[in-house]
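Note on naming: letters A, B, ... go to the chains in the order of the sequence lines (proteins, then strands), and numbering restarts at 1 for each one.
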Amino acid sequence: MYDLHLSAEQHEIRDTVREFVTNEIKPVAIKPARMESLDRRPPADILLKAAQMGLRTLALSEPLGGAGADGITACIVAEELAAGDPDVAAVLVETSALSHVLFDQLMSPAQRERFLPAFIKDDAAQLALAAHEPDSDTELGVNYHRAVPVAPATNCAATRTPTGDWIINGTKSFVPNAPLATLFAVQVRTDPKAPAGQGISTLLVARDTAGMTVRELDQNAGWYHGLRGDVTFKDTRVPADQLLGDEGSSPLAAGLEALGRGLPLVQAMNIGIGRAAYEAAVDYARIRVQGARRIIEHQAIGTLLAEIAIRIELARTMVWKAAWAADHPAAVAERSVTDLPLQTIARVYTAEAMHQAALDAAEVFGAMGVMRDMPMHKYVQDALIFLHSGMSPGDGKLRIAEAIAEFRRD
Amino acid sequence: MYDLHLSAEQHEIRDTVREFVTNEIKPVAIKPARMESLDRRPPADILLKAAQMGLRTLALSEPLGGAGADGITACIVAEELAAGDPDVAAVLVETSALSHVLFDQLMSPAQRERFLPAFIKDDAAQLALAAHEPDSDTELGVNYHRAVPVAPATNCAATRTPTGDWIINGTKSFVPNAPLATLFAVQVRTDPKAPAGQGISTLLVARDTAGMTVRELDQNAGWYHGLRGDVTFKDTRVPADQLLGDEGSSPLAAGLEALGRGLPLVQAMNIGIGRAAYEAAVDYARIRVQGARRIIEHQAIGTLLAEIAIRIELARTMVWKAAWAADHPAAVAERSVTDLPLQTIARVYTAEAMHQAALDAAEVFGAMGVMRDMPMHKYVQDALIFLHSGMSPGDGKLRIAEAIAEFRRD
Amino acid sequence: MDFSLNDEQREWQQKARKFAEEDIRPVSLARDRILDPRETWDWDLFKKGSQLGFRTLAVPKAYGGPGADFVTQALVMAELARGDSAISKAFSQNWKWSHLIASACSPEQKQRFLSAFLADDTFVMGKGITEPNAGSDNRLPPEDEVRAGVRLKAERRGDEWILNGEKCFIANGNIGKLFFLDARSNPNASLKEGVTMFLIPRDTPGFRSGKVFNKSGWRFYQNAEMIFDNARVPHANVVEQTGGQSRLDKSERTGGDLFGDLELAANALGVCMCACESALKLTRSRTQGGKPLLEQQAVQLKLGRMNMLTEALRSYVLRVAWEHDQKLPSTNAGFVMNFSTDVIQEVTQINMDLHGAAGFTMDALANKLVRDGIIWTHLAGDAVQRMKVVRRMAKATG
Amino acid sequence: MDFSLNDEQREWQQKARKFAEEDIRPVSLARDRILDPRETWDWDLFKKGSQLGFRTLAVPKAYGGPGADFVTQALVMAELARGDSAISKAFSQNWKWSHLIASACSPEQKQRFLSAFLADDTFVMGKGITEPNAGSDNRLPPEDEVRAGVRLKAERRGDEWILNGEKCFIANGNIGKLFFLDARSNPNASLKEGVTMFLIPRDTPGFRSGKVFNKSGWRFYQNAEMIFDNARVPHANVVEQTGGQSRLDKSERTGGDLFGDLELAANALGVCMCACESALKLTRSRTQGGKPLLEQQAVQLKLGRMNMLTEALRSYVLRVAWEHDQKLPSTNAGFVMNFSTDVIQEVTQINMDLHGAAGFTMDALANKLVRDGIIWTHLAGDAVQRMKVVRRMAKATG
């Protein structure tokens, strides 16, 4: 039965995180170097405090020590954190999502026993999924509606030793959380003969494994939020029983998003940026006087603010719908929600709409909208990063178009 | 608790109405004169069949003889009907909404006893709210964020006779359903001294009342869906006990939409138009070959279709949210939904997005998109009518802007 | 750099403006309201315009016409379209074909057809390309399917060609006296190689016109089916043997091929001018709370956008017209055509928006302008019409 | 109608293109990356450009300058901006003020300032209008509040004026040698009546520059605070007594006031040219599945839109430049400025979009162009800048 009431827990966590953001994150976020994007590294103490509040393990089930948050709750938290600081948000959101996927969904009991206690105990421990490789491209564009695989090639390879252990060689690039992660899920090719996108396995690799090096990337040269690193494996030996799932059919082959819990968390963060810009613009429009009236009383500014509000409301509504649908996959078959890819719809709309929202909000500020020591320019830049990293709106539309045509690339 | 599952009843009624549209309405809707908009009058037999299916009394509560549909169900039905024929939809949606408002919410038991049986018995009986007057204008634009009333002036006046009866004089214009209605709720000024928007009462007036004339408007000269008429009262005598609610404080003063059950039904109809255009474009793109490929396999067409699909998904999601919120007014106070006017947000987005959807769908058809004997041109025209009748997107944005500024015009 | 008009240009502009104001505008809305698409044409109006020179404007002086340059043509089209877009097109439609006769036909063909065209105020022309199953494929032939496009069959039999098949959406198809027609003379060759262009007079045996298309806008201007049932065309009516069009040299194609792009853009400019005037008049005169709508910020922003886009379009149209006169090969003709689609649709839409704020009626002119503007989508601004230009640009700069 | 350039125009264009390619582009990205906003200026580059004539381009021939017309100025601005938008502005910023000296100042002032300006390659100028609490009110003075706008106080004391207050966002505020400055000489009169314009040399006692604003884009070009603390300005530095600017006649204001509109539009054109080149180069060279991106429909549509808008803007810019040269009063300067905002932002955004499809890095140039383009919003295209033009239009046609 249709019901849009948030639960008491959802209200509570929203209030709690918002307060945390106001008291702990905002004072850091408005530091000049951070606003000017010279140092966007998430401060360790903030990450620790957030972990102590349970935000690092938000999606991990309660029996395993997490908060067992559902998809909408995770989106609420992601939005609130990003409204304060998207780089802090990106680290926590990634670990939280992976904690559920790895510990609740994919690990064997023995693997869980080996890795969970250390992860729970150490509030600074983050998780990483090493999937992306240098120069990889889905090639969705050129292969739109063509029956060829569009999975990027996996060159990072693992071979078995006679004892069954694995030897990994290769490089993963732009791995989120790599500089902070204590445990990596690494996508490796274990069947050298399989076509692209197949014959892939996932290995669990602890940070201190010999032959593995992590190079933190310069955040400001990159085009992402949070911290990322390149991870290189040189004859890295991983015990046989650290294979996650079955050999040659990685449960993470299609990326984190394609799992049952593939949640629009990045989009929720993106909304956080739009909302921060919007709230700043409304506050300013309520005090700035021009033509002897507060500018919010001018039709032109009022219309601009209304357009931003409409976009945010639409984006959040769609993101929450996609989040709920991810938690309730059966809803598609019983036709309560569309069979088009909702997360992609949410992604395309949110990226474009929040970018416009940030630009429009900056317009309200006049010249102050382009100054590096004011937050507006950073909201615009953050929105651009969301718009132009990961799957582009253009590729998103092609993916939706393939679904409309009921084209399946198997 | 957040839940987007439709109920079994909602699924069933959607399927039933869709089948009715396919079998009964579509064969009428594709008649050349109708596609060419020469004769858009809703056929009486279709209205009768729809009434027999319960669509005329959809929102009326079950104890009173209706289906007791909630807001989302009403939106589902409105969309399905309009995807078949928006003029048929407009008549039924208006009567259904009014049946709930008048009989369930506003009438006294005695009034209900007098008017309900005839309404239930006669499948051809429709209801009308006579509110709009010639040349009336809310003047929201010029009075944006100014503390003056923006309710349109009510010149149609009622005075009391010594026996307490009412004598109405004046004219109402563009009254939806007037040519078909057997019962009218008429907005009249009963306090000549009150400022604009105040001192308004509602009188129930049966169609055969002496001194009342209904002139059906030429549907094709107007800019609306359904049938409308001008209603003129010349010394029309109405019994004292046909006053609805209290004297001088009409429960319908702010229009049907402002009631607790002010539902985004017009927007749901608007989505029906966009969906009809979209489905036609997808069907065509799957068979039309160009460059030796079906055009749905071209990036350009695929992208266009995806953009339409995104808009429809967003619009429907927002309309249903607004419908749910109208049924659950407490959700605002407990912050499960925004305190901005959701119905207005849904209206602005839907009107603009469905207009673009219809234009884009027409592009897929090439020259056939502008031919009067093909449905596409009519979808475009229908979408234009939704975009430019009733509250304009521009006024909608100003209303949202006033809400953002927490401006209250009391 | 000189944006001013010379005397001749100004004279034609004034003449067209006068004709639009005095003759076109008074009948425009009435013509738009006629329901039967066969009945919208007005021969009296057309003949009067023809006598003023608008039908034959592009015929070179050497052949007895006014030989107006492209700048003049653009000005005249815009002024006429300011009165009625479809009526403007009814005149300008003839220009590229008279130009084509003058530049591509043999002396004998010129003599036969151009003299007749000049002499007869009811002589209108057209060109048939589109077919029921070959529209965009003619505009942007697929690289991997050479046989896509034109299917109307032409077979040589001695001194005659036998044509079988049909064309659709052909401008003036039901009233024209002469048509250029692309037909497939070699079914196994590409569009470029396998198509021959014919001159088809109305009285060609075996040719008849079919239905007249019932368009949403552009009512005055008629598009019809052309049906060929063993139609017999003398070999003397072949334009430049096979592969006719592609043999024109580049500078001629600026005029012959690309005129259509300029034509749509200049016509759109006129429609936009009309919409801007209509909106300004409305917002000056209609009041809210006793004040003209024009005083409201939201209204000002809409008016500004309309006028800004219209003046940008005017600048681009005149530049392209000048480029045509200089026979400069360029992709600007295609781009200005694409641009005119965006501009005409947004400008007429804003005008409707301003007019619609009043409630449940719509200004008939505002409604007509929007309907006229929608036709640009498939003629000038759909994905095919845009990609075509980009590919040309990439080739030119590659 | 003539869209061609004369020899002088073409020469300046070529010279600017060469300087942009050989001198500006090689340093542009490095200058953009400098973090301290006080350190972005490059005197060597600027002096070289000055020696080539770009600093003094607009000084009339009668006063010893090149006296380039507006078309030339537009061409040069676009070419320089194609190399770097902010560097182009660093040169063109001087043009309107040298023009203002030449047209509005007294012979004595001309002698004092124009000669010095011509002689010194490091002599840059600026004008101070905006204040912390008076930005848009200066551009669009409210009708119901005459005292809105400029608050910097100017009081006459004998042969001197005493200035107190501050200006912000003033171009070249920290490096300029001479500034035009609006100050309130009558606190109770409207902007038009109560404001006096002064010439303020850098060494004016009581004047100092404050912080340099740290802009997101346009890094090379510096905007600073100007602080006046009992600053003493001789009466001889008053421009045309009180009400200076409004006393210029209309044709002069086409150049004096409206140059800024053309300046932003022409500069935007250059940025768009750069973005189009960058996008075409990328989509030709980067491949997907072995094929250039350029072969994909979605990419073609994006490239087409960029080039279409850029060429529309070019057409409009050159028309407005010509109108300025003809001293035609028109609202086109304002409209083309508004239009340039829409175009530069969409074009640079599409270019970023094409560059960003690759993942988690961004092309530094694509990023810079977007940041440079965003500054147009408040300078050229916010609601105030748009309504201003519409009101002017309504007045002109009313």
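- With rounding to the nearest 0.5 Å, the separation of CG in Leu342(A) from OG1 in Thr317(B) is 7.5 Å.
- Not counting sequence neighbours, the partners of Ala346(A) by the side chain to side chain contact (heavy atoms under 4.5 Å, CB included) test are Met318(A), Val319(A), Ala322(A).
- Within the 4.5 angstrom heavy-atom criterion, only side-chain atoms of Leu398(B), from C-beta onward, approach chain A.
- For the pair Asp3(B) (side chain) and Met1(A) (backbone), a donor-acceptor distance under 3.5 Å is present.
- Contacts of residues 8-17 of chain B with chain A at a heavy-atom distance below 4.5 Å involve His11(B), Arg14(B), Asp15(B), listed in sequence order.
- With values rounded to the nearest 0.5 angstrom, Leu4(A) atom CG is found 8.5 Å from His328(B) atom NE2.
- With a 4.5 angstrom heavy-atom cutoff, Arg294(B) touches chain A only via side-chain atoms.
- Contact annotation for residues 280-287 of chain B against chain A (heavy-atom separation below 4.5 Å, listed by residue number): Val282(B), Arg286(B).
- Taking non-hydrogen atoms and a 4.5 Å limit, the residue list of residues 295-305 of chain A in contact with chain B, ordered by number, reads Ile296(A), Glu297(A), His298(A), Gln299(A), Gly302(A), Thr303(A), Leu305(A).
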What do the steps show when you test Ile404(A) against Tyr278(B) for side-chain contact (heavy atoms from CB on, under 4.5 Å), and what is the final call?
-> CA-CA 11 Å; Ile404(A) 291 170; Tyr278(B) 166 72; 3.3 Å; yes
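- Contacts between Ile72(B) and chain A at a heavy-atom distance below 4.5 Å involve the side chain alone, from C-beta outward.
- Contact of Arg311(A) with chain B is not made at all, since no heavy-atom distance falls under 4.5 Å.
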